[in-house]
There are 2 protein chains.
Amino acid sequence: MIRLSKKVEYGLIAIRHIATKPAGEIVTAKEIADTYGIPYELLSKVLQKLTKSGLISSHQGMRGGYALARPPVEIPVSVIINAIEGTRQAIVQCMSEGPQTCTVFTVCTIKSPLTKVQANIERAFSTMTLSEIV
Amino acid sequence: MIRLSKKVEYGLIAIRHIATKPAGEIVTAKEIADTYGIPYELLSKVLQKLTKSGLISSHQGMRGGYALARPPVEIPVSVIINAIEGTRQAIVQCMSEGPQTCTVFTVCTIKSPLTKVQANIERAFSTMTLSEIV
DNA sequence: CTAAAGTGGACTTGTACGGTCGTATATTAT
DNA sequence: ATAATATACGACCGTACAAGTCCACTTTAG
């Protein structure tokens, strides 16, 4: 019915994996990729996005890798998703585009009721923090 | 972040349109397509699915069209979505496939926590009935 | 009989996603 | 210094799927 992207899946698995390690321990992308059998290159991209948005910190070079940048309790799942997907999208097109680009704007009837549903979904993702999925 | 398909969008708009009419009044697909500027053929397919799942009743032939099959209060939005999308999917792959086809099943760590999120989403869609979006 | 409606299969097309490759850059161990 | 090991990042490919289109058929009111 509604599906998270592979990237988000991988991101959640990865950041959870990192979170299970003792604080400050550095984990390589390769370790994660091997552990869960997910493509290394793709995972790397995801980890880079998580780095750019400040959820994890990266350490380049030999003996490098990734570590959590903040305590897991402070990271809601929704933040992880947004970090990976970038453009946050609404459940119906009208809601994420400006009114002017929506061809059926004047007659679109389902937008406002679905806002409630949208809010519920957002809440479902934002009330759960990383600490709960470790 | 998560998006309903166009078909579902059209389906919701359409069934809402039908629901606003006096009970028993018949509405043609063309009328709906014209009113909201959505492609007629595509809308037809959607309406056919809604018909097959018994949410609306169809009347063939001249002066035919569609009407609600049940009172709107009894129709949760989730039922409409399921009718149109057919295969109900989970937010992560592991959850909708059998365990044997999931390559990372034994090591997949995010499945069970996400079940909670999934349940929340389901609830968001199933607690809202058609009568609320009219 | 015919016009207006639904039914339904086949087809095209665009695009986003998952995945891959290659190269550059940074850091550390020796 | 240099080799080894890691991230960073852009370019590319292939496929699946969503969205949309086309067309032939059936049903029924008038």
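Because the structure is a prediction, the values reported are computed rather than measured. So that the names make sense, note that chain A is the first sequence line, chain B the second, and so on, each numbered from 1. Note that these values count all heavy atoms, side chains included, but never hydrogens, waters or copies made by symmetry.
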> Which residue pairs pass the side-chain hydrogen bond (donor to acceptor under 3.5 Å, both in side chains) test with at least one member in residues 60-76 of chain B, sequence neighbours excluded?
Replying inline: none
>> Walk along nucleotides 20-30 of chain D from 5' to 3' and tag each nucleotide B, S or - by protein heavy-atom contact under 4.0 Å, base first, then sugar-phosphate.
In response: SBB----BBB-
> In whole Å, what is the span from the CG atom of Leu4(B) to the C1' atom of dA18(D)?
Replying inline: 14 Å
> Under 4.0 Å between a side-chain N/O of Ser44(B) and OP1 or OP2 of dG8(C), yes or no?
Replying inline: no
> Sequence neighbours excluded, which residues qualify as side-chain contact (heavy atoms from CB on, under 4.5 Å) partners of Val77(A)?
Replying inline: Leu12(A), Ile81(A), Phe125(A), Met128(A)
Could you give the side-chain donor-acceptor pairs of residues 18-34 of chain A under 3.5 Å, partners two or more places apart or in another chain?
| unit_1 | atom_1 | unit_2 | atom_2 | d |
| --- | --- | --- | --- | --- |
| Thr20(A) | OG1 | His17(A) | O | 2.5 |
| Lys21(A) | NZ | Glu31(A) | OE2 | 3.2 |
| Thr28(A) | OG1 | Glu31(A) | N | 3.1 |
| Lys30(A) | NZ | Asp34(A) | OD2 | 2.8 |
| Glu31(A) | OE2 | His17(A) | NE2 | 3.0 |

>> If you apply the rule side-chain hydrogen bond (donor to acceptor under 3.5 Å, both in side chains), what do you find for Ser78(A) with Glu122(A), and how did you get there?
In response: CA-CA 7 Å; Ser78(A) 63; Glu122(A) 300 272 354; over 6 Å; no
>> Evaluate Lys45(A) against Lys7(A) for side-chain contact (heavy atoms from CB on, under 4.5 Å), listing each step before the verdict.
In response: CA-CA 9 Å; Lys45(A) 301 253 168 71; Lys7(A) 286 186 189 175; 6.0 Å; no
> Where along residues 18-30 of chain B does a heavy atom come under 4.0 Å from DNA chain C, residue by residue in number order?
Replying inline: Thr28(B), Ala29(B)
> Heavy atoms under 4.0 Å, any strand shown: does Lys49(B) hit a base, just sugar-phosphate, or nothing?
Replying inline: nothing
> Which whole-number value in Å describes the distance from Glu85(B) CD to dC17(D) P?
Replying inline: 13 Å
> Given atom CD of Glu31(A) and atom C1' of dT5(D), what is their separation to the nearest angstrom?
Replying inline: 15 Å
>> In this structure, how many angstroms lie between the P atom of dT27(C) and the OH atom of Tyr66(A), rounded?
In response: 13 Å
>> Expressed as a whole number of angstroms, how long is the span from Ile81(A):CD1 to dC17(C):C1'?
In response: 17 Å
> What is the distance, rounded to the nearest whole Å, between atom CG of Leu43(B) and atom C1' of dA5(C)?
Replying inline: 13 Å
> Who passes side-chain hydrogen bond (donor to acceptor under 3.5 Å, both in side chains) against Ser131(B), sequence neighbours left out?
Replying inline: Thr129(B)
>> Applying the side chain to side chain contact (heavy atoms under 4.5 Å, CB included) criterion to Leu55(B), which one of Ile84(B), Leu68(B), Val79(B) satisfies it?
In response: Val79(B)
> Considering all heavy atoms of both residues, which atom of Val46(A) and which atom of Gly11(A) are nearest to each other, and what is their separation?
Replying inline: CG1-CA, 3.6 Å
>> Using whole Å, what does the distance between atom C1' of nucleotide dA5(C) and atom CG of Leu47(B) come to?
In response: 12 Å
> Rounded to the Å, how far apart are Ile84(B) CD1 and dA19(D) C1'?
Replying inline: 14 Å
> Of the non-hydrogen atoms in Leu4(A) and Val8(A), which two are nearest, and what is the gap between them?
Replying inline: CD1-CG1, 4.0 Å
